[in-house]
Amino acid sequence: MPDERITPRSDDFSTWYNDVIMRAELADYSPVRGCMVIRPRGYRIWELMQGALDDMFKETGHENAYFPLLIPESFLAKEAEHVEGFAPQTAVVTHGGGKQLEEPLVVRPTSETIIYAMLSKWVQSYRDLPVLLNQWANIVRWEMRTRLFLRTTEFLWQEGHTAHASEEEAVEETLLILGVYRQFMEEWMAMPPVTGVKTESEKFAGAVRTYACEALMQDNKALQAGTSHFLGQNFAKAFGTQYQTAEGGLDYVWSSSWGVSTRLIGGLIMTHSDDVGLVCPPKLAPTQVVVVPIFRSDEQRQAVMEVGRRVFDSLRSAGLRAAFDDREAMKPGAKYYEWEARGVPVRLEIGPRDVEKGQAMLARRTGGKAPVSLEGLTDHVATALQEIQTVLCEDARDRRDAHSFRHVTKDQLVELMDGDGGFAYGGYCGDEACELAIKQVTKATIRALPDEEFRSDPAPSTCVWCGRTAEVEAVWARAY
RNA sequence: CGGGACGUGGCGCAGUCCGGUAGCGCACCUGAAUGGGGUUCAGGGGGUCGUGGGUUCAAAUCCCACCGUCCCGACCA
């Protein structure tokens, strides 16, 4: 009886992770290796994420557009770092209409190239700027090893692409979106991330600087959950995206690009779920509350079903995503397990005794069960949902903080990464040799942002690895 | 591409060492009873034992080759 939450055993985290997905019926592997089928329950979570993010993007002035899936191979090659980074992992179309194509087409691994080819045409004057675009799309990256939601050959994402008249404005945009992502992860996903700047070797191929949100999963590994790139004028120069300034001169646009993907669903699972199955934050739960009627005799059946149906209707009218489990061939206990595996935050049990007393039993996915009055029931449910959302976020934040270590020494860093893992904070000289050495043990490095809540105080003065004077503070972690 | 494990009804597995009629659990179908945390009983359907070759009277089992999957690395969101 899961009155208390069970923390996944860390000895077999990937098996547990796959099991949660399968039991909650979120996704499955397709016959094509590395490709994922997102099932309706999983896709609904994505739709809810899309809805929330889209609202946030629109509030900040962005508009949706769509660019083609197929990109001429030569486009990719126009930006040197970009092609170096992405060419090895593209799928290429060589034939069309039964004939070999004159120029192969790559299936987009990201859309910067095709978008800048178009912006060159659309942007003439500083009056055309800024351009603030977002695209919801699927992309393909030929990865060596895949895992459901975390890394699949094809995946769904949103990619924002903006062009500005000044460097400051483009940087401001990059940071604005990083903040939007952070807010979304905290408020909707109940997954508080750490934000920072990626190192040279980990930044986006073609960017000047990559900012990232890293969240700590229940196995104490970090997951890169969202990235926002300051692209400088790299793509503008590669594609000749120029505009006439107010002063009459000619300049290249400054740009940013940013994205989050269906990987977020993987993060959601690894942040909250337990051995019973999925735990879904109420704001992103496809079903927020399920009503389970319980009865023995036929008279009981009628009364209970009637009340259950009425409760269900009132929940729906109140705008909650509710379900009424009136399957008669299934015993209540079996239903509980099923809805728990699916991550439904609140369950209302209604039996003859409850009908008599004018109440229902309200069980929380996070543990605990208590009677609530049918009077004002939707308010009770709404309150419970809010509390669950809050508790999940606080738990996740507490876990992150409990596994965050400041002012680590070299030995502590190595020990931490060999052992339980977590976020390690310390000084960093920025030297390439140090970065390479640290990457051997940590796999994820970001320079903490100045406003980072875990920032050491005072700032570290020496590099954790080499002991020389430190330039910045960094966060290290084992990562996915 | 390196290191490890595995391949047997839809799913999960036993059987392989020591060759002898293809098994179990879950799921599914039929019927009845049951119903406040995974119901019970009775009956039933469903398998080229990854593929090919070899040894043998006889191969899921032994030998060889190949294919595929998963996990750990290298690649990456």
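Chain letters run A, B, ... following the sequence lines, proteins first and then strands; every chain starts at 1.
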Problem set entry | Residues touching RNA chain B, which here means a heavy atom under 4.0 Å, drawn from residues 283-299 of chain A |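 Per residue number, the list reads A/Ile294, A/Phe295, A/Arg296.
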
Exercise. What parts of residues 17-27 of chain A reach RNA chain B, counting only heavy atoms under 4.0 Å away?
Worked result: none

Problem set entry | Contacts of A/Arg309 that satisfy salt bridge (Lys or Arg N to Asp or Glu O under 4.0 Å) - sequence neighbours left out | A/Asp326

Exercise. Quick one: salt bridge (Lys or Arg N to Asp or Glu O under 4.0 Å) partners of A/Glu200, sequence neighbours excluded?
Worked result: A/Lys203

For this session: Classify the nucleic acid contact of A/Arg147 as base, sugar-phosphate or nothing, counting any heavy atom under 4.0 Å across all strands shown.
Result: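 Contact class for A/Arg147: none.
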
So which protein N/O to nucleotides 75-77 of chain B N/O distances come out below 3.5 Å?
unit_1	atom_1	unit_2	atom_2	d
B/C75	O2	A/Glu143	OE1	3.2
B/C76	O2'	A/Glu143	OE2	2.9
B/C76	O2	A/Arg151	NE	2.1
B/C76	O2	A/Arg151	NH2	2.3
B/C76	N3	A/Arg151	NH2	2.8
B/A77	O3'	A/Gln224	OE1	2.7
B/A77	O3'	A/Arg263	NH1	2.9
B/A77	O2'	A/Arg263	NE	3.0
B/A77	O2'	A/Arg263	NH1	2.1
B/A77	O2'	A/Arg263	NH2	2.4
B/A77	N6	A/Thr152	O	2.7
B/A77	N3	A/Leu150	O	3.4

Problem set entry | Check: A/Glu338 side chain, B/G37 base, donor-acceptor under 3.5 Å |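 A donor-acceptor contact between them is absent.
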
Exercise. How are the rings of A/Trp157 and A/Phe155 set relative to one another: parallel (under 30°), tilted (30 to 60°) or perpendicular (over 60°)?
Worked result: perpendicular

side-chain hydrogen bond (donor to acceptor under 3.5 Å, both in side chains) with [X]: which residues, sequence neighbours excluded?
X	result
A/Thr113	none
A/Gln233	A/Asp251
A/Asp54	A/Lys58, A/Asn64, A/Trp136
A/Ser314	none

Exercise. Hey, are A/Arg400 and A/Glu214 close enough for a salt bridge, meaning a charged N less than 4.0 Å from a carboxylate O?
Worked result: no

Exercise. Are the charged groups of A/Glu387 and A/Arg364 less than 4.0 angstrom apart, N to O?
Worked result: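 Salt bridge between A/Glu387 and A/Arg364, a charged N being under 4.0 Å from a carboxylate O: yes.
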
Exercise. Does A/Lys331 put a side-chain nitrogen or oxygen below 4.0 Å from OP1 or OP2 of B/U40?
Worked result: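 Answer no for this pair, as no side-chain N or O of A/Lys331 is under 4.0 Å from OP1 or OP2.
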
Only distances under 3.5 Å count here; give the side-chain donor-acceptor pairs of residues 288-304 of chain A to other protein atoms, sequence neighbours excluded, each with its distance to 0.1 Å.
unit_1	atom_1	unit_2	atom_2	d
A/Gln288	OE1	A/Arg321	N	2.9
A/Gln288	NE2	A/Pro282	O	3.0
A/Ser297	OG	A/Gln300	N	3.4
A/Gln300	OE1	A/Arg296	N	2.7
A/Gln300	OE1	A/Ser297	N	3.1
A/Arg301	NE	A/Glu328	OE1	3.2
A/Arg301	NE	A/Glu328	OE2	2.8
A/Arg301	NH2	A/Glu328	OE2	2.3

Problem set entry | Cation-pi geometry met for A/Arg108 and A/Phe67 (6.0 Å, 45°) |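 No, A/Arg108 does not lie over the aromatic ring of A/Phe67.
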
Exercise. Between A/Phe75 and A/Lys78, is there a cation-pi geometry (under 6.0 Å to ring centre, at most 45° from the normal)?
Worked result: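 That pair qualifies as a cation-pi contact.
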
Exercise. Any stacking of A/Tyr337 on B/G38, going by centres under 5.5 angstrom and planes within less than 30 degrees?
Worked result: yes

Seminar exercise, completed: The dot-bracket string of RNA chain B, counting Watson-Crick and G-U wobble pairs with both distances under 3.5 Å, using [ ] for crossing pairs and | for pairs to another strand, is ((((((((.[[[[.)....(..]]]].((((((.....)))))).....[[[[[..)....]]]]])))))))....

Donor-acceptor pairs under 3.5 Å, side chain of residues 84-92 of chain A to any protein atom, not counting sequence neighbours: which ones?
unit_1	atom_1	unit_2	atom_2	d
A/Thr90	OG1	A/Ala87	O	3.1

